[in-house]
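Read the structure below first, then the notes.
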Amino acid sequence: MTSSPILERKKIDIVIGTRPEAIKMAPLIIELRRRENFSVRVISTGQHTDMLKQALGFFKIEPDIDLAIMRQNQTLDYITSSVLSRVGEILDSNRPDAVLVHGDTTTTLASSLAAFYRQIPVGHVEAGLRSFDMQFPFPEEMNRVLTDRLAEWLFAPTERAALNLRRENAVPDENLYVTGNTVIDALFTALKLCEKPGSPVLFPLAGGAPFILMTAHRRESWGKPMERICSALLEILRRHKDCHALVPMHKNPAVRDSMKTILGGNERVILCDPLDYPDFVWSLGRCKIILSDSGGVQEEASALGKPVAVLRDVTERPEAVERGTAVLVGTEYDRIVHAADRLLSHDEEYREIEERKYGNPFGDGQASARIAGILTETLR
Ligand code: UD1
Ligand code: UDP
């Protein structure tokens, strides 16, 4: 009798720390676990706590290891040094064949560095995004550039991102892949399950009342810019009496305090905790317009053909601006009010934007399958 060859599974550690990393890596975690040639360990640094858990919950993923580093008002030094040393210890205790990281957070950079110090190859998902301004977004632009240098394989979501990497000679051409963004994989999964809102907070909006969806959390917007953003929202509501606003607040006290002070008590503003992913996707689909400084929201809005006024002066996602689904408005009161006014008042322009969801530039929902296929070939 001949025995069948024993399959040697390649060990992959996936390190995540924040909500967007969870949402965007979940489809890849599921795809890699479906394939029998990999043994996947999910390591949460716990840079976020409840927001990470909430995002993973929808995909039914439990981290294998949770380093639980989060502190209230944590500093960049603290996150960097604790992730570097704690992820390093985990990698030493059971050395993987590869480490995968996502995007541009401090978890991403510090975990890549921990792997690099051990000469463990790193795959960077969502590589190559560039705003070309190290201060905006801060510190994410530097995190991305450094992570791309530390990584062995770069998974660029778009041709534009790949071009940025080629110009930097970041890796040899054969290690650079254009895969689409895994956020579209996640979005398509959630769209199947979000016909009705789950959270009672959303019930008042389920009847079809027009509403503005707003999220803002960027570090460079804390304080005065955040106050201007919130005041601008009030002015937009004053001009559009039929409109409501839905504002799911990030858990960061620096963000929540400004929002509560300025928006709290207004009867047309729903201020709430972060929404579960399908509820947020429901809101993206049903709202009239979006005001946001989020990276992921720009991609999702573009895929849904929903106009988004981006509360930043520069973006690393120019594809959405070029397609006309996103417009950069910064954090100045007048520009925000003017842009929202225009989107809410020009029906024809609005309908044209809606049509642009066909052929959105960020992906086709197959990014995770592509990355898993590439890793199958590379990690033999
Ligand atoms: C982080 C990322 C940012 C990403 C964002 C996604 C860095 C430097 N920043 O920013 O790139 O866009 O996540 O949301 O990596 N908090 C909670 N519970 C949570 C999460 C956060 O209470 O579940 C509070 C804590 O007080 C924490 C603070 O928010 O100290 C800030 O969290 P942190 O991860 O440092 O920064 P973010 O602004 O969330
Ligand atoms: N999101 C969510 N619930 C919310 C707000 C946002 O699930 O209440 C999702 C959103 O759909 C997107 C991601 O969180 O996929 C964006 O995360 P965030 O804005 O925190 O980070 P960024 O993308 O700016 O790094």
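Residue indices begin at 1 and follow the sequence shown. Computed from heavy atoms alone, side chains included, the values below leave out hydrogens, waters and symmetry copies. Note that ligands are numbered from 1 as they come in the structure, with each ligand's atoms numbered from 1 the same way.
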* **Numbered atoms and elements of ligand 1 in range of Asn73, under 4.0 angstrom, heavy atoms** => 26 (O), 30 (O)

* Pull out every atom of ligand 1 sitting under 4.0 Å from any heavy atom of Leu76, numbered as shown with elements. => 8 (C)

* Asked: Between His217 and ligand 2, which part of the residue brings a heavy atom under 4.0 Å of the ligand: side chain, backbone, both or neither?
  -> side chain

* **Closest approach of any protein heavy atom to atom 39 (O) of ligand 1, naming residue and atom** => His48 NE2, 2.7 Å

* To do: Scan Thr179, Asp185, Asp364, Thr182 and name whichever one has a side chain to side chain donor-acceptor pair (under 3.5 Å) with Arg370.
  => Asp364

* Is there a donor-acceptor contact under 3.5 Å from the side chain of Glu235 to the main chain of Ser231? -> no

* To do: Provide the number and element of each atom of ligand 1 under 4.0 Å from a heavy atom of Thr49.
  => 18 (N), 19 (C), 23 (O)

* Any non-hydrogen atom of Glu299 lying under 4.0 Å from ligand 2? -> no

* Asked: For ligand 1, does Ser294 get within less than 4.0 Å through its side chain, its backbone, both, or neither, judged by non-hydrogen atoms?
  -> neither

* Structure fact -> Among non-hydrogen protein atoms, atom 35 (O) of ligand 1 lies closest to Gln74 NE2, 3.0 Å

* Asked: If we only count N/O pairs under 3.5 Å, is Asn143 in contact with ligand 1?
  -> no

* Asked: Can Arg228 and Thr331 be counted as having a side-chain donor-acceptor contact under 3.5 angstrom?
  -> yes

* Structure fact -> ligand 1 to His217, heavy atom cutoff 4.0 Å, flagged ligand atoms 4 (C), 5 (C), 6 (C), 12 (O)

* Which residue from Arg218, Glu140, Arg144 reaches closest to atom 12 (O) of ligand 1 through any of its heavy atoms? -> Arg218

* Please work out whether any backbone atom (N, CA, C, O) or any side-chain heavy atom from C-beta onward of Pro248 is under 4.0 Å from ligand 2, and answer side chain, backbone, both or neither. => side chain

* Would you check if the side chain of Asp148 reaches a backbone N or O of Ala127 as a donor-acceptor pair within less than 3.5 Å? => no

* Asked: At under 4.0 Å between heavy atoms, which part of His250 makes contact with ligand 1: side chain, backbone, both or neither?
  -> side chain

* Asked: Can you tell me which residue and heavy atom of the protein come closest to atom 16 (C) of ligand 2, and the distance to 0.1 Å?
  -> Ser294 OG, 3.6 Å

* Asked: Taking the side chain from Lys11 and the backbone from Arg95, do they hold a donor-acceptor pair closer than 3.5 Å?
  -> yes

* Asked: Out of Arg317, Glu141, Glu316, which residue meets the side chain to side chain donor-acceptor pair (under 3.5 Å) rule with Ser131?
  -> Glu141

* To do: Establish whether Met259 and Ile212 are linked, either directly or via other cluster members, by ILVMFWY side-chain heavy-atom contacts under 4.5 Å.
  => yes

* Hey, are the side chains of Val87 and Asp13 touching, using non-hydrogen atoms and a 4.5 Å cut-off? -> no

* Show the numbers, then the answer: is there a side-chain hydrogen bond (donor to acceptor under 3.5 Å, both in side chains) between Thr108 and Thr147? => CA-CA 7 Å; Thr108 312; Thr147 303; 5.9 Å; no

* To do: Look only at interatomic distance and state if Arg219 has a nitrogen or oxygen under 3.5 Å from any nitrogen or oxygen of ligand 1.
  => no

* Asked: Regarding His217 and Asn252, is there a side-chain donor-to-acceptor distance under 3.5 Å anywhere?
  -> no

* To do: Could you tell me whether Tyr277 approaches ligand 2 through its side chain, its backbone, both or neither, with non-hydrogen atoms closer than 4.0 Å?
  => both

* Please could you name the atoms of ligand 1 that Thr18 approaches to less than 4.0 Å, counting only its heavy atoms? => 13 (O)

* Does any non-hydrogen side-chain atom of Ile12 lie less than 4.5 Å from one of Pro96? -> no

* Asked: When you measure from atom 10 (C) of ligand 2 to every protein heavy atom, which one gives the shortest distance, and what is it?
  -> Glu300 OE1, 3.4 Å

* Structure fact -> among protein heavy atoms, the one nearest atom 30 (O) of ligand 1 is Arg71 O, 2.7 Å

* Asked: Does Leu291 reach the side chain of Ile229, with side-chain heavy atoms less than 4.5 Å apart?
  -> no

* Looking at ligand 2, does any of its N/O atoms fall within less than 3.5 Å of an N/O of Met51? -> no

* Report the part of Pro20 (side chain from C-beta onward, or backbone N, CA, C, O) that has a heavy atom under 4.0 Å from ligand 1; answer both or neither where that applies. => side chain

* To do: With heavy atoms of Ile79 as the reference, note each atom of ligand 1 found under 4.0 Å away.
  => 35 (O)

* Structure fact -> Counting from 1 in the order shown, the ligand 1 atoms closer than 4.0 Å to a non-hydrogen atom of Pro253 are 26 (O)

* In the protein, which heavy atom is nearest to atom 25 (O) of ligand 2, and how far is it? -> Pro20 CG, 3.4 Å

* Asked: Any N/O of Arg19 closer than 3.5 Å to an N/O of ligand 2?
  -> yes

* To do: For ligand 1, find out whether one of its N or O atoms is nearer than 3.5 Å to an N or O atom of Arg19.
  => no

* To do: Report yes or no: does Lys306 contribute a side-chain atom to a donor-acceptor pair with the main-chain N or O of Cys287 at less than 3.5 Å?
  => yes

* Asked: Is Val42 close to Met25 at the side-chain level, that is, under 4.5 Å between some pair of heavy atoms?
  -> no

* Side chain to side chain, Ile374 and Trp153, heavy atoms closer than 4.5 Å -> no

* Any nitrogen or oxygen of Met70, main chain or side chain, under 3.5 Å from a nitrogen or oxygen of ligand 1? -> no

* Within the side chain of Arg335, is there an N or O that forms a donor-acceptor pair under 3.5 Å with the backbone of Leu328? -> yes

* Are any side-chain N or O atoms of Ser302 and backbone N or O atoms of Glu299, one a donor and one an acceptor, separated by less than 3.5 Å? -> no

* Got a second to check how far Phe280's CZ is from Thr215's OG1, nearest 0.5 Å? -> 5.0 Å

* **Contact (N/O only, under 3.5 Å) between Arg218 and ligand 2** => yes

* Residue and atom name of the nearest protein heavy atom (relative to atom 13 (C) of ligand 2), distance in Å to one decimal -> Ile23 CD1, 3.9 Å

* Does a side chain donor of either Thr105 or Glu21 reach within less than 3.5 Å of an acceptor in the other side chain? -> yes

* Those atoms of ligand 2 less than 4.0 Å from some heavy atom in Gly296 -> 23 (O)

* Structure fact -> atom 34 (O) of ligand 1 sits nearest the protein heavy atom Gln47 NE2, 3.0 Å

* For atom 18 (N) of ligand 1, which candidate among Asp50, Thr108, Thr107 provides the closest heavy atom? -> Asp50

* Structure fact -> shortest atom 26 (O) of ligand 1-to-protein heavy-atom contact is with Gln72 OE1, 2.8 Å

* Just jot down the ligand 1 atoms closer than 4.0 angstrom to any heavy atom of Thr106, in number order. => 7 (C), 8 (C), 15 (O)

* Asked: Has ligand 2 got any nitrogen or oxygen that is less than 3.5 angstrom from a nitrogen or oxygen of Thr215?
  -> no

* Does the side chain of Thr80 come under 3.5 Å of the side chain of Thr106 through a donor N or O and an acceptor N or O? -> no

* Asked: atom 8 (O) of ligand 2: which protein heavy atom is closest, and how many Å away?
  -> Leu275 N, 2.8 Å

